[in-house]
Amino acid sequence: MSVSFPASVPDALAILAERPEAVPVAGGTDLLVHWPARVAEYERDYVDLSGIAELKAIAFRNGELLLGALATYWDVMHAGRMREGFPLLVAAARQVGAVQIQARGTWGGNIANASPAADGVPVLMAYDAVVVLESATGGREEVPLDHFYTGYKEMRRRPDQLVVAIRIPWRAHDVAIFEKVGGRRVAPTVRRCPAIERLLENGTAVRGPDDLLPAIARDVAPIDDLRSTAEYRKRVLARLLYYDLRGVAPAFS
Ligand SMILES: Cc1cc2nc3c(=O)[nH]c(=O)nc-3n(C[C@H](O)[C@H](O)[C@H](O)COP(=O)(O)OP(=O)(O)OC[C@H]3O[C@@H](n4cnc5c(N)ncnc54)[C@H](O)[C@@H]3O)c2cc1C
């Protein structure tokens, strides 16, 4: 095993250009959790990003929030103006693990880990976040988060690219709610729900959770597994949507 400790983004990108199989490490809270059982991973090259100060920046400018890839949940919970401008980021950060994970886990790591059960990714997607990638040879590339994932644990990030930042437009929202339910794997990637979005935009009458089930069936394909059943997952989503939106969406009664 080898571990490199670059002090700047260009240094880290140079390492990845030379050894694209090397694995970036941010907080290590996803990467290292299964490590003891994955002996093959011991032989890999790792690039520890934690010494790169520029990746930790959080800035509000030109009508957007620029979140450095190494910003942690704790950083977001305690950054000024976050609660007013991006309350869902704060709400999701509070729900991630316990304080130790909140202090180490990063937003870039949550995106690049590509788990369908990630808590940071759905709120970033709801805010129309854009993933900023960089590589030594290809320069900078920006990919809207809702086009970033191509399948389970698959994404539009080349091995020589780093997630360097996340851009989030600052807009007013009338309603913003984050809800987390355990056993909630409903799709292989985090994704938007266009059929439900259309139903809300069209003002379709909704008289109870069951009225949402057809749109839910078009948007997600839950699985039965040891944590829960597909039927439960669809029903819990219908109930969350219905009871969160009743009272704010005029067509919900
Ligand atoms: C006890 C525990 C509880 C947890 N609870 C939650 C929870 O409630 N909700 C939740 O969403 N997650 C949870 N997690 C998962 C994890 O903490 C988060 O996904 C976290 O955001 C990962 O960030 P990290 O910096 O630790 O990533 P790392 O583990 O360092 O990396 C994760 C993956 O992303 C890649 N990567 C990291 N940074 C970059 C980058 N800048 N560019 C390119 N690739 C990169 C790594 O190579 C690796 O593949 C939990 C983990 C543990 C151990």
Side-chain angles (χ1 to χ4, degrees), residues 3-6 8-13 15-17 19-38 41 44-57 66-77 88-125 129 131-136 138 140-143 145 148-149 152-167 178-185 189-190 227:
V3 185
S4 317
F5 296 93
S8 69
V9 171
D11 286 355
L13 297 180
I15 295 168
L16 288 177
R19 283 177 281 150
E21 72 290 349
V23 183
V25 185
T29 61
D30 269 315
L31 208 52
L32 299 181
V33 77
H34 299 295
W35 218 59
R38 295 191 184 156
E41 316 241 318
R44 301 189 69 169
D45 296 334
Y46 293 88
V47 184
D48 185 332
L49 307 176
S50 63
I52 307 180
E54 64 197 275
L55 290 180
K56 297 177 186 170
L66 195 66
L67 208 54
L70 254 62
T72 65
Y73 301 104
W74 186 261
D75 294 335
V76 161
M77 282 156 59
L88 295 187
L89 298 188
V90 178
R94 284 213 180 100
Q95 293 275 342
V96 172
V99 70
Q100 296 91 333
I101 299 296
Q102 292 166 2
R104 278 202 72 86
T106 65
W107 291 82
N110 200 241
I111 290 175
N113 190 53
S115 164
D119 283 318
V121 175
V123 291
L124 290 172
M125 206 179 279
V131 183
V132 183
L133 300 153
E134 271 186 33
S135 67
R140 191 179 168 102
E141 190 186 340
E142 300 201 350
V143 184
L145 184 55
F148 187 63
Y149 299 110
Y152 179 65
K153 293 271 182 183
E154 289 172 7
M155 67 200 102
R156 294 184 205 283
R157 174 194 159 247
R158 295 194 315 272
D160 67 334
Q161 285 179 316
L162 276 182
V163 176
V164 291
I166 305 145
R167 293 180 52 197
F178 173 77
E179 294 265 16
K180 174 171 174 173
V181 178
R184 71 208 123 98
R185 217 176 188 191
T189 66
V190 174
R227 294 192 191 93

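The figures that follow rest on heavy atoms only: side chains count, while hydrogens, waters and symmetry mates do not. All ligand and atom numbering here is 1-based and tracks the order in the structure.
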Going by distance only, is there an N or O of [X] that falls short of 3.5 Å from an N or O of ligand 1?
{"X": "Pro24", "value": "yes"}
{"X": "Leu31", "value": "yes"}
{"X": "Tyr73", "value": "yes"}
{"X": "Val96", "value": "no"}
{"X": "Gly97", "value": "yes"}
{"X": "Val25", "value": "no"}

Tell me the closest heavy-atom pair linking [X] and [Y], and the distance in Å.
{"X": "Ala26", "Y": "Leu70", "result": "CB-CD1, 4.1 Å"}
{"X": "Thr106", "Y": "Gly27", "result": "CG2-N, 4.1 Å"}
{"X": "Val190", "Y": "Ala118", "result": "CG2-O, 4.5 Å"}
{"X": "Tyr73", "Y": "Ile101", "result": "CD1-O, 4.1 Å"}

Check for a donor-acceptor pair, side chain of Arg44 on one end and backbone N or O of Glu21 on the other, with a separation under 3.5 Å.
yes
Does Val121 offer a backbone N or O that forms a donor-acceptor pair with the side chain of Asn110 under 3.5 Å?
yes
Side chain to side chain donor-acceptor pair (under 3.5 Å) test vs Gln161 passes for just one of Glu141, Arg156, Glu134, namely Glu141
Pick, from Gly120, Ala112, Pro122, Pro159, the option with the minimum heavy-atom distance to atom 45 (C) of ligand 1.
Ala112
Measure from atom 11 (O) of ligand 1 to every heavy atom in Asp119, Thr29, Leu32 and give the option owning the shortest one.
Asp119
Any atoms of ligand 1 less than 4.0 Å from a non-hydrogen atom of [X]? List them with their elements.
{"X": "Gln95", "value": "8 (O)"}
{"X": "Gly28", "value": "24 (P), 26 (O), 28 (P), 29 (O), 30 (O)"}
{"X": "Gly27", "value": "24 (P), 25 (O), 26 (O), 30 (O)"}
{"X": "Leu49", "value": "40 (C), 41 (N)"}
{"X": "Ala118", "value": "11 (O)"}
{"X": "Val33", "value": "53 (C)"}
{"X": "Val23", "value": "47 (O)"}
{"X": "Asn110", "value": "10 (C), 11 (O), 12 (N), 18 (C), 19 (O), 21 (O), 22 (C), 23 (O)"}

One residue to check: Lys180. Relative to ligand 1, which of side chain, backbone, both or neither has a non-hydrogen atom less than 4.0 Å away?
side chain
Ligand 1 versus Leu162, non-hydrogen atoms closer than 4.0 Å: side chain, backbone, both, neither?
both
Can a non-hydrogen atom of Arg157 be found less than 4.0 Å from any atom of ligand 1?
yes
Please assess Arg167 against Val132 for the test side-chain contact (heavy atoms from CB on, under 4.5 Å), listing each intermediate value before the final yes or no.
CA-CA 7 Å; Arg167 293 180 52 197; Val132 183; 3.7 Å; yes
Audit row: Leu162, Leu49, side-chain contact (heavy atoms from CB on, under 4.5 Å) steps and yes/no:
CA-CA 10 Å; Leu162 276 182; Leu49 307 176; 3.9 Å; yes
Test side-chain contact (heavy atoms from CB on, under 4.5 Å) applied to Phe148 and Glu154, step by step:
CA-CA 9 Å; Phe148 187 63; Glu154 289 172 7; over 6 Å; no
Test: Asp75 and Lys56 ion pair at under 4.0 Å:
no
Does CZ belonging to Arg104 count more than 12 external heavy atoms closer than 6.0 Å?
no
